[in-house]
> 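Handing you this structure, nothing more for now.
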Amino acid sequence: QVQLVESGGGLVQAGGSLRLSCAASGLTFDWNAMGWFRQAPGKEREIVAAISRSGSSTYYPDSVKGRFTISRDNAKNTVYLQVDSLKPEDTAVYYCAAVYGGYSGAKIYRQQDEYDYWGQGTQVTVSS
């Protein structure tokens, strides 16, 4: 079955960095576009980054643009999220998600209900 396993979360001071990883199995990774979402306590889950199945297209909301970088290594079936200049408001559980990308190598998906598979999440806590 499909598994997405996130890692790399932790406790970090404001201004610090983390690199989150999501290892995928049970799917043809390079046919799937990927996304990173987060959910803070009492808030709805929101997208923080998305990448097309080829890696040629990416998306970031304004709240993280310039601080977060998504990338993928199709040879390793892994997608990464580099998070820099962290702020206390970045504290959340971070989830990766996968969606079958079809024939378009450049399409990105921004809506969580478009995604087929989800990981269990990794906690990121930013102290002030």
Side-chain angles (χ1 to χ4, degrees):
Q1 72 275 22
V2 176
Q3 282 194 311
L4 301 176
V5 180
E6 301 97 335
S7 60
L11 174 63
V12 63
Q13 289 189 330
S17 298
L18 288 170
R19 190 193 195 202
L20 309 184
S21 299
C22 172
S25 61
L27 50 73
T28 306
F29 185 71
D30 57 2
W31 278 86
N32 280 261
M34 303 296 293
W36 282 96
F37 294 77
R38 69 183 180 188
Q39 187 167 22
K43 295 188 177 181
E44 293 188 353
R45 189 161 55 185
E46 62 176 352
I47 190 168
V48 294
I51 189 167
S52 62
R53 65 178 184 88
S54 69
S56 61
S57 300
T58 57
Y59 164 77
Y60 306 93
D62 289 343
S63 58
V64 307
K65 196 174 293 182
R67 300 189 298 120
F68 289 14
T69 304
I70 189 171
S71 61
R72 64 188 296 159
D73 185 338
N74 286 349
K76 295 183 177 180
N77 287 5
T78 301
V79 62
Y80 305 97
L81 185 69
Q82 179 69 37
V83 294
D84 297 319
S85 302
L86 282 162
K87 306 175 182 179
E89 51 263 43
D90 294 319
T91 294
V93 178
Y94 284 71
Y95 300 90
C96 72
V99 55
Y100 175 67
Y103 290 101
S104 172
K107 185 174 181 179
I108 57 173
Y109 297 79
R110 305 182 184 188
Q111 305 301 319
Q112 56 183 305
D113 59 6
E114 295 181 293
Y115 285 81
D116 301 316
Y117 305 105
W118 293 83
Q120 293 300 305
T122 186
Q123 176 72 47
V124 172
T125 303
V126 185
S127 63
S128 57

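These numbers were taken from a predicted model, which means no experiment stands behind them.
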> Rounded to the nearest 0.5 Å, what separates atom CD1 in I70 from atom OG in S57?
11.5 Å

> When you measure from the side chain of D116 to the backbone of Y100, do you find a donor-acceptor pair of N or O atoms at a distance under 3.5 Å?
yes

> When rounded to the nearest 0.5 angstrom, what is the spacing between CZ in R19 and OG in S7?
9.5 Å

> Does V93 offer a backbone N or O that forms a donor-acceptor pair with the side chain of R38 under 3.5 Å?
no

> May I ask you to decide if the ring planes of F37 and W118 are parallel, tilted or perpendicular, using 30° and 60° as cut-offs?
tilted

> Roughly how far apart are E46 CD and S63 OG, rounded to 0.5 Å?
5.5 Å

> Do V79 and I51 have side-chain heavy atoms sitting under 4.5 Å apart?
yes

> Return yes if some donor-acceptor pair links the side-chain N/O of S52 with the main-chain N/O of G105 below 3.5 Å, else return no.
yes

> Is the positively charged end of R72 above the ring of Y80, judged by distance under 6.0 angstrom from the centroid and angle within 45° of the axis?
no

> Between D62 and K65, is there a side-chain N and carboxylate O pair less than 4.0 Å apart?
yes

> Which atom names give the shortest non-hydrogen contact between A98 and N32, and what distance separates them?
CB-OD1, 4.0 Å

> As an exercise, state the distance from SG of C22 to CD of Q3, rounded to the nearest 0.5 Å.
11.0 Å

> For N77 and S25, indicate whether the former's side chain and the latter's backbone hold a donor-acceptor pair under 3.5 Å.
no

> For R110 and Y59, which I'm curious about, is there any donor-acceptor pair between the side chains at under 3.5 Å?
no

> Hey, are the side chains of L18 and L86 touching, using non-hydrogen atoms and a 4.5 Å cut-off?
yes

> Does G9 offer a backbone N or O that forms a donor-acceptor pair with the side chain of T122 under 3.5 Å?
yes

> Between F29 and M34, is any pair of side-chain heavy atoms under 4.5 Å apart?
yes

> Between Q112 and R45, is there a donor-acceptor pair closer than 3.5 Å when you use the side chain of the first and the backbone of the second?
yes

> Is the closest side-chain donor-acceptor distance between D73 and T78 under 3.5 Å?
no

> Answer yes or no: is there a donor N or O on one side and an acceptor on the other, between the side chain of Q82 and the main chain of L20, under 3.5 Å?
no

> Side chains of V48 and L81: does their closest heavy-atom pair fall under 4.5 Å?
yes

> Main chain of A50, side chain of Y60: is a donor-acceptor contact present, judged purely on distance under 3.5 Å?
no

> Is the side chain of T91 donor-acceptor paired with the backbone N or O of V126 at a distance under 3.5 Å, no angle test?
yes

> Out of curiosity, Y94 OH to W36 CH2, how far, rounded to the nearest 0.5 Å?
10.0 Å

